[in-house]
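Working notes for the structure below.
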2 protein chains.
Amino acid sequence: MVNMSLSDFELEVMQIFWQLKEASAPEIHKIIEKKRAVKYSTVKTIIDRLEKKAAVARSRSEGRIIFYLPVMEKQNVRTPLIKEFINRVFLGKSRPLVAHIIEQEQLSIKDIEYLESVLREKKKELK
Amino acid sequence: MVNMSLSDFELEVMQIFWQLKEASAPEIHKIIEKKRAVKYSTVKTIIDRLEKKAAVARSRSEGRIIFYLPVMEKQNVRTPLIKEFINRVFLGKSRPLVAHIIEQEQLSIKDIEYLESVLREKKKELK
DNA sequence: CTAGCATCTCTACACCCGTAGACTTACTGT
DNA sequence: ACAGTAAGTCTACGGGTGTAGAGATGCTAG
């Protein structure tokens, strides 16, 4: 069961778990419902699938309500996704992706200065 | 039919079209086959779907062989994909994605210096 | 204690996508 | 001219995914 990938919706739910640490299906449902119409059972199905994939695990109950904790870690999910994305969209070359983001996406002066420092660090490391 | 998104495989084929400009199904098949086993008819199906989506168009024939040209442009496909990816995986925040790539992906000194210059340009623009 | 509601569980379904076989058709070399 | 083959067309199918209903079940307020 290693290397299980997450669907879009599953990832969306994991993002919420990573933020809240612990959450129940009703909570997750209420949060997602603010953005778009979705039935409780739909959300619960996704959480069930996450549980089957061992991405989350039951931690405790309050009455009938089951609480879950994220098991898969953000970094462990994101890293392969980034690699895949770069392969898929940029033929494995990260430089043009980074350049594109810097040029096209909204970055504040603070963001830029931060990224400059990250680059400086990296350069030091390479030399 | 605007805003048609491409599947993984469709995107893979488009990448080849963007490189070759003009290509036939047999050519594309031969290229992909070098990487993994896939039947001709599979590749042809993908090209047919790309044609239906107006991502490629027939340009000419040589005997029975149909040649196609890419119609969708690389930038027009990539830009929304990047946006989606940042939303999906980084909750819309591009800075941590860029930082991650700089730290984790392989970049040469030349890449880094190039990206530094891109950042410098961007900073100028913002001030 | 009971009615009603919230939550859980289980099942289902349609769509997309990767995959490819079967069949047709038109070149090409002898 | 014809056989063989390469290319094209058409159809199909299973798995993953988003979606949700139906039914069971256990809290909770009155």
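Here is the naming used below: chain letters follow the sequence lines, and residue numbers restart at 1 for every chain.
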Just the rounded figure in Å: distance from [atom2] of [N] to [atom1] of [X].
X: Ile66(B); N: dA26(C); atom1: CD1; atom2: P; result: 12 Å
X: Lys52(A); N: dG16(D); atom1: NZ; atom2: P; result: 12 Å
X: Leu50(B); N: dG18(C); atom1: CG; atom2: C1'; result: 13 Å
X: Asp8(B); N: dG16(D); atom1: CG; atom2: P; result: 15 Å
X: Phe67(B); N: dA7(D); atom1: CZ; atom2: P; result: 10 Å
X: Ile47(A); N: dT9(C); atom1: CD1; atom2: C1'; result: 13 Å
X: Ile65(B); N: dA6(D); atom1: CD1; atom2: C1'; result: 8 Å
X: Asp48(A); N: dT11(C); atom1: CG; atom2: C1'; result: 12 Å

Atom pair [atom1] ([X]) and [atom2] ([Y]), whose distance is rounded to the nearest 0.5 Å:
X: Thr79(B); Y: Glu73(B); atom1: OG1; atom2: CD; result: 10.5 Å
X: Leu119(B); Y: Glu116(A); atom1: CG; atom2: CD; result: 5.5 Å
X: Lys53(B); Y: Asp48(B); atom1: NZ; atom2: CG; result: 12.5 Å
X: Leu69(B); Y: Ser59(B); atom1: CG; atom2: OG; result: 4.0 Å

Proximity to DNA chain D (any heavy atom under 4.0 Å), residues of residues 23-30 of chain A only
none
Please determine if a side-chain N or O atom of Lys53(A) lies less than 4.0 Å away from the OP1 or OP2 oxygen of dT17(D).
yes
Does Lys44(B) put a side-chain nitrogen or oxygen below 4.0 Å from OP1 or OP2 of dT9(D)?
yes
What residues form a salt bridge (Lys or Arg N to Asp or Glu O under 4.0 Å) with Glu22(B), not counting sequence neighbours?
Arg60(B)
What pairs with Glu121(B) under salt bridge (Lys or Arg N to Asp or Glu O under 4.0 Å), at least two apart in sequence or on another chain?
Lys124(B)
Taking side-chain contact (heavy atoms from CB on, under 4.5 Å) as the test, write out the residues that go with Ser94(A), two or more places apart.
Ile86(A), Ile101(B), Glu105(B), Leu107(B)
Who passes side-chain contact (heavy atoms from CB on, under 4.5 Å) against Thr45(B), sequence neighbours left out?
Arg49(B)
Dump the pairs, protein N or O against N or O of nucleotides 2-5 of chain D, anything under 3.5 Å, distances to one decimal.
none

Checking Phe17(B) now: which residues fulfil ring-ring contact (aromatic ring centres under 6.0 Å, His included) with it, not counting sequence neighbours?
none
If the sugar-phosphate is the primed atoms plus P, OP1 and OP2 and the base is the rest, what is the B/S/- string for nucleotides 19-30 of chain D, using protein heavy atoms under 4.0 Å?
BBB---BBS---
Where along residues 81-88 of chain A does a heavy atom fall under 4.0 Å from DNA chain C?
none
Per the ring pair (Phe, Tyr, Trp, His ring centres under 6.0 Å) rule, what does the pair list look like for residues 86-114 of chain A, sequence neighbours excluded?
none
Quick note, salt bridge (Lys or Arg N to Asp or Glu O under 4.0 Å) partners involving residues 87-104 of chain B, not counting sequence neighbours, are Asp8(A)-Arg88(B), Asp111(A)-Arg95(B)
Identify, with sequence neighbours excluded, every residue that meets side-chain hydrogen bond (donor to acceptor under 3.5 Å, both in side chains) alongside Glu12(B).
Arg36(B)
Pair Glu33(A) + Lys30(A), salt bridge at N-O below 4.0 Å
no
Step by step, work out the side-chain contact (heavy atoms from CB on, under 4.5 Å) result for Val13(B) and Phe9(B).
CA-CA 6 Å; Val13(B) 170; Phe9(B) 201 164; 3.9 Å; yes
